[in-house]
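All residue numbers refer to positions in the sequence shown, counting from 1.
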Amino acid sequence: MKFEINRVKIFVTIPYENVEEVRNAVCAAGAGIIGNYSYCTYSVRGVGTFNPNENASPYIGSSNKLEFVQEEKLEFVCDISSVKQVISIIREVHPYEEPAIDIVPLIDENLF
């Protein structure tokens with residue numbers, strides 16, 4: 001069976017205080033559309049960890065010190081034609097020097 005990928009799901013972790021800025025930016029760029037609905041996102045709160053090395057310029061914390069940060073994982077769907085633009089916008093508005101971004105291809109349920 002051959003699958004054509006038309007949509008992806010994007011996941012990104014964000015400090016609590018920056019979630020709405022990122023959500024609004026990606027949805028304004030066309031992500032988060034499901035049928036007749038826009039701004040469709042889902043988020044879960046958790047704790048992220050990282051240890052910046054001496055070459056990093058961390059938004060939170062300092063080099064060579066393990067950090068524990070209250071973060072929210074934001075997820076949303078995105079048409080394949082908008083992925084590069086949405087990822088670019090995430091990198092533009094996200095406060096982290098290196099945001100953790102996962103992109104998962106979605107298979108249309110009508111193919112089954």
Side-chain angles (χ1 to χ4, degrees):
M1 180 180 271
K2 185 176 178 182
F3 298 108
E4 183 176 326
I5 304 300
N6 296 312
R7 297 174 64 124
V8 299
K9 184 166 276 191
I10 298 174
F11 302 83
V12 59
T13 54
I14 311 159
Y16 287 172
E17 64 270 13
N18 304 95
V19 172
E20 291 311 310
E21 179 183 9
V22 175
R23 182 190 328 269
N24 288 332
V26 299
C27 289
I33 297 173
I34 301 175
N36 295 322
Y37 296 84
S38 62
Y39 279 73
C40 300
T41 68
Y42 182 77
S43 60
V44 177
R45 289 187 170 200
V47 177
T49 63
F50 55 88
N51 188 357
N53 69 26
E54 60 279 349
N55 297 318
S57 297
Y59 172 72
I60 297 171
S62 54
S63 296
N64 298 311
K65 180 176 181 267
L66 182 62
E67 297 294 333
F68 294 81
V69 180
Q70 299 293 314
E71 293 179 321
E72 204 161 311
K73 183 195 295 187
L74 181 66
E75 62 182 82
F76 47 88
V77 295
C78 183
D79 287 340
I80 203 81
S81 61
S82 300
V83 171
K84 283 190 176 190
Q85 178 184 354
V86 169
I87 296 301
S88 177
I89 286 170
I90 290 172
R91 293 189 184 285
E92 185 178 310
V93 300
H94 198 292
Y96 288 172
E97 183 178 21
E98 298 287 341
I101 302 169
D102 298 326
I103 304 170
V104 177
L106 298 176
I107 299 171
D108 188 321
E109 65 185 73
N110 293 323
L111 294 174
F112 297 99

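If you chain together hydrophobic residues whose side chains sit under 4.5 Å apart, Ile90 and Val93 fall into the same group. Grouping the Ile, Leu, Val, Met, Phe, Trp and Tyr side chains by contacts below 4.5 angstrom, directly or via other members, places Val47 apart from Val44. A continuous path of hydrophobic side-chain contacts links Ile5 to Val83 [ILVMFWY only; heavy atoms under 4.5 Å]. Linking ILVMFWY residues whenever their side-chain heavy atoms come closer than 4.5 Å, directly or via other members, leaves Ile107 and Val104 in distinct clusters.
Residues that satisfy the side chain to side chain donor-acceptor pair (under 3.5 Å) test with Asn53, not counting sequence neighbours, are absent from this structure. In this view, Leu74 and Val12, Ile14, Val22, Arg23, Thr41, Ser43, Phe76 satisfy the side chain to side chain contact (heavy atoms under 4.5 Å, CB included) rule, not counting sequence neighbours.
Interatomic distance, CD1 of Ile103 versus SG of Cys78, reported as 8.5 Å (0.5 Å rounding). With values rounded to the nearest 0.5 angstrom, Tyr16 atom OH is found 4.0 Å from Gln70 atom CD. Atom CD1 of Ile10 is separated from atom CD of Glu75 by 11.5 Å, given to the nearest 0.5 angstrom. Remark: Ser81 OG to Arg7 CZ distance equals 10.0 Å, nearest 0.5 Å.
Checking side-chain atoms of His94 against main-chain N and O of Thr13 turns up a donor-acceptor pair under 3.5 Å.
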Next on the checklist: If you apply the rule side-chain contact (heavy atoms from CB on, under 4.5 Å), what do you find for Tyr96 with Asn18, and how did you get there?
Outcome noted: CA-CA 10 Å; Tyr96 288 172; Asn18 304 95; over 6 Å; no
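Screening residues 90-109 for salt bridge (Lys or Arg N to Asp or Glu O under 4.0 Å), with sequence neighbours left out, gives no hits.
Annotation: side chain of Ile80 is in contact with side chain of Val8 (closest heavy-atom distance under 4.5 Å). Counting heavy atoms from C-beta on, the side chains of Val69 and Tyr59 never come closer than 4.5 Å.
The local environment of OH in Tyr39 is crowded, with over 12 non-hydrogen atoms from other residues, nucleotides or ligands closer than 6.0 Å. A 6.0 Å sphere centred on CZ of Phe3 holds more than 12 heavy atoms belonging to other residues, nucleotides or ligands.
Taking every heavy atom of both residues into account, Asn51 and Lys65 meet most closely at OD1-N, 3.0 Å.
With respect to Lys2 and Glu4, no salt bridge is recorded, no charged nitrogen being found less than 4.0 Å from a carboxylate O.
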